Visitor: 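Dropping a structure here in structure tokens format, bear with me for questions.
Fair warning: this is a prediction, and the values are worked out from it, not measured in the lab.
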Amino acid sequence: MAFKPFDLTGKVALVTGGNGGIGLGMAEGLAAAGAKVAIWGQNPEKNAKAEATLKGYGVEVLVQKVDVADEQAVVAGVAEALKTFGRLDFVAANAGVGGGAPFHEMTTEKWRRVTTVNLDAVFWTFREAAKHMIERAEAGDPGGSMVVTSSTSAIHGAPRNQAYASTKAGVIAMIRGLAVEYARYGIRANAILPGWIATDMTAGLQAWDTFNEKAIGRVPMRRWGEGEDFSGIAVYLASDASKFHTGDSFVIDGGYTIF
């Protein structure tokens, strides 16, 4: 049979925070390439809309209401996806929250909220996925791909953003460790670093003329990023085209970082 590097037929993908923004962009790309897709989200209306969109690609879709800040909910969510589809080939830990505040006014409660969703939940998600992928590899079926949505905040300095930036830098370190530890099982681990993307999290900034002039005006592509801009990288990292690509960080920011 001819090698089809970007064909995801027969593969199963899970995307946390997959009902909108970057996550839905990834999920759409995966579905269009033939993967069965499970997405996690907590907003029923967004979940239903995303489900209809993904089913339009003619693939099996599972929509799960999972609070990633709850360890047991994450464990149960992965278990349900495995029960439904029988396997997981690609897992994108994409769910995240912001939480900016002057550093000297940041409460421990707010700090913990950001670190729980953006760091702990990634750990729980990948831990459960890894158990399955390793078991499968030991049974003679190696492979798998784990991807985290980090942020260019991990490499840029910004005021009032230390909690978010700390978690986004932390998951890059986590990914590098996973890449080394799990390579023996054929499992890859990579990070995606989005720049300024038009999502619910950035809605306030999108409506701020000064920000659009000063920040988005510095983006060489001269626009906000969109969820669909992450479809291609998701397909690449889920597919056999990336079977020797691991431990990397992909900056997708329209050129903002280098300008």
Side-chain angles (χ1 to χ4, degrees), residues 14-24 26-27 38-44 46-47 50 63-82 88 90-133 146-179 181-182 189-194 197 199-205 230 249:
L14 166 65
V15 182
T16 75
N19 63 0
I22 293 170
L24 182 56
M26 289 183 180
I39 60 170
W40 292 0
Q42 294 198 75
N43 183 306
K46 288 179 65 177
N47 283 356
V63 178
Q64 300 170 265
K65 190 174 184 297
V66 177
D67 179 4
V68 297
D70 179 340
E71 180 179 3
Q72 291 310 308
V74 171
V75 172
V78 173
E80 181 186 2
L82 286 170
L88 286 174
F90 175 82
V91 176
N94 169 75
V97 295
F103 187 72
H104 59 284
E105 296 177 5
M106 174 72 73
T107 64
T108 299
E109 180 182 12
K110 194 167 189 176
W111 180 275
R112 295 294 184 214
R113 168 63 179 167
V114 176
T115 57
T116 297
V117 173
N118 293 359
L119 189 58
D120 294 349
V122 174
F123 157 56
W124 297 327
T125 303
F126 285 161
R127 180 189 65 191
E128 298 308 303
K131 290 176 183 178
H132 160 70
M133 290 178 180
M146 296 188 287
V147 173
V148 69
T149 301
S150 177
S151 168
T152 51
S153 292
I155 54 178
H156 295 167
R160 304 166 61 97
N161 202 41
Q162 292 86 356
Y164 183 79
S166 295
T167 61
K168 295 305 183 179
V171 294
I172 294 175
M174 186 190 303
I175 280 293
R176 289 172 176 167
L178 293 175
E181 183 171 354
Y182 293 150
N190 292 282
I192 297 171
L193 282 64
I197 313 300
T199 66
D200 290 347
M201 190 184 298
T202 60
L205 293 175
F230 296 85
S249 297

Visitor: Could I get the full list of side-chain contact (heavy atoms from CB on, under 4.5 Å) partners for L24, not counting sequence neighbours?
Guide: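 With sequence neighbours excluded, L24 shows a side-chain contact (heavy atoms from CB on, under 4.5 Å) to E28, A50, L54, given in chain and number order.
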Visitor: Ignoring hydrogens, what is the shortest heavy-atom contact between G23 and V15? Give both atom names and the distance.
Guide: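 Smallest heavy-atom distance, with atoms named: O-CG1, 3.6 Å.
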Visitor: K65: which residues meet the salt bridge (Lys or Arg N to Asp or Glu O under 4.0 Å) condition with it, sequence neighbours left out?
Guide: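 Once residues adjacent in sequence are excluded, K65 has no partner under the salt bridge (Lys or Arg N to Asp or Glu O under 4.0 Å) criterion.
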Visitor: Is there a side-chain contact between M146 and L178 in this structure, where contact means two heavy atoms from C-beta onward sitting under 4.5 Å apart?
Guide: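 Side chain of M146 against side chain of L178, heavy atoms only: contact under 4.5 Å found.
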Visitor: With rounding to the nearest 0.5 Å, note down the distance linking CG in N19 to CG in N47.
Guide: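 Between N19 CG and N47 CG, I get 5.0 Å after rounding to 0.5 Å.
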Visitor: Can you name the residues that form a salt bridge (Lys or Arg N to Asp or Glu O under 4.0 Å) with D200, not counting sequence neighbours?
Guide: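 By the salt bridge (Lys or Arg N to Asp or Glu O under 4.0 Å) rule, D200 matches K46.
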Visitor: Please examine the side chains of V75 and W124, heavy atoms only from C-beta on, and report whether any two atoms are closer than 4.5 Å.
Guide: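 Not touching, per the 4.5 Å side-chain cut-off.
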Visitor: Would you call M133 and V91 a side-chain contact if the rule is heavy atoms closer than 4.5 Å?
Guide: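 M133 reaches V91 side chain to side chain.
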Visitor: Let me have the donor-acceptor pairs involving side chains of residues 161-171, under 3.5 Å, with sequence neighbours excluded, atom names and distances please.
Guide:
from, atom 1, to, atom 2, distance (Å)
N161, ND2, S153, OG, 3.3
S166, OG, Q162, O, 2.7
T167, OG1, N118, ND2, 3.4
T167, OG1, Y164, O, 2.7
K168, NZ, T149, O, 2.9

Visitor: Can you check whether A95's main-chain N or O pairs, donor with acceptor, with T16's side chain at less than 3.5 Å?
Guide: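 Between the backbone of A95 and the side chain of T16 there is a qualifying donor-acceptor contact (under 3.5 Å).
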Visitor: Is it the case that the side chain of T152 and the backbone of P194 share a donor-acceptor pair, with hydrogens and angles ignored and the cut-off at 3.5 Å?
Guide: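 Indeed, once roles are kept as given, a pair shorter than 3.5 Å links the two residues.
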Visitor: If you look at every heavy atom in W111 and M106, which pair is closest and at what distance?
Guide: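 For W111 versus M106, the nearest heavy atoms are N-SD, 3.8 Å.
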Visitor: Please identify each residue that fulfils side-chain hydrogen bond (donor to acceptor under 3.5 Å, both in side chains) with T125, with sequence neighbours left out.
Guide: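 T125: no side-chain hydrogen bond (donor to acceptor under 3.5 Å, both in side chains) contacts found.
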Visitor: To the nearest 0.5 angstrom, please state how far the CD atom of E128 sits from the CZ atom of F123.
Guide: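 Separation between the atoms: 8.5 Å.
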Visitor: Residues two or more places apart in sequence or in another chain: which of them pass side-chain hydrogen bond (donor to acceptor under 3.5 Å, both in side chains) with E80?
Guide: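 Only Q64 meet the side-chain hydrogen bond (donor to acceptor under 3.5 Å, both in side chains) criterion with E80.
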Visitor: Once side-chain contact (heavy atoms from CB on, under 4.5 Å) is applied, do any residues pair with A179, and if so which ones, sequence neighbours excluded?
Guide: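 Per chain and number, A179 pairs via side-chain contact (heavy atoms from CB on, under 4.5 Å) with A189, T246.
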Visitor: Contact between T202 and I197 at the side-chain level, heavy atoms closer than 4.5 Å - yes or no?
Guide: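 A side-chain contact under 4.5 Å is absent here.
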Visitor: Not counting sequence neighbours, which residues clear side-chain hydrogen bond (donor to acceptor under 3.5 Å, both in side chains) with N190? List them please.
Guide: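 For N190 there are no side-chain hydrogen bond (donor to acceptor under 3.5 Å, both in side chains) partners, ignoring immediate neighbours.
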Visitor: Please list, chain by chain and in numerical order, all residues satisfying salt bridge (Lys or Arg N to Asp or Glu O under 4.0 Å) with E181, sequence neighbours excluded.
Guide: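 Residues passing salt bridge (Lys or Arg N to Asp or Glu O under 4.0 Å) with E181: none at all.
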Visitor: Which heavy atom in I39 sits nearest to a heavy atom in G18, and how many Å separate them?
Guide: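 Smallest heavy-atom distance, with atoms named: CD1-O, 3.7 Å.
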Visitor: Can you tell me how far CD1 of I22 sits from CD1 of I192, rounded to the nearest 0.5 angstrom?
Guide: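 If I round to the nearest 0.5 Å, the distance is 8.0 Å.
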Visitor: State plainly whether the residues E71 and R127 are in salt-bridge range, i.e. N to O under 4.0 Å.
Guide: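 Here E71 pairs with R127 in a salt bridge, since their nearest N and O are under 4.0 Å apart.
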Visitor: May I have all residue pairs that pass salt bridge (charged side-chain N to carboxylate O under 4.0 Å, His left out) and include part of residues 111-124, sequence neighbours excluded?
Guide: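 Applying salt bridge (charged side-chain N to carboxylate O under 4.0 Å, His left out) to every pair that reaches into residues 111-124, excluding sequence neighbours, yields nothing.
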Visitor: Enter the distance from H132:NE2 to L14:CG here, rounded to the nearest 0.5 Å.
Guide: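 If I round to the nearest 0.5 Å, the distance is 11.0 Å.
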Visitor: Please enumerate all residues that pass side-chain hydrogen bond (donor to acceptor under 3.5 Å, both in side chains) together with Q42, with sequence neighbours excluded.
Guide: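 Expected list: none.
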Visitor: Can you list everything that forms a salt bridge (Lys or Arg N to Asp or Glu O under 4.0 Å) with R160? Sequence neighbours excluded, please.
Guide: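 Partners of R160 by the salt bridge (Lys or Arg N to Asp or Glu O under 4.0 Å) criterion come out as none, since no residue qualifies.
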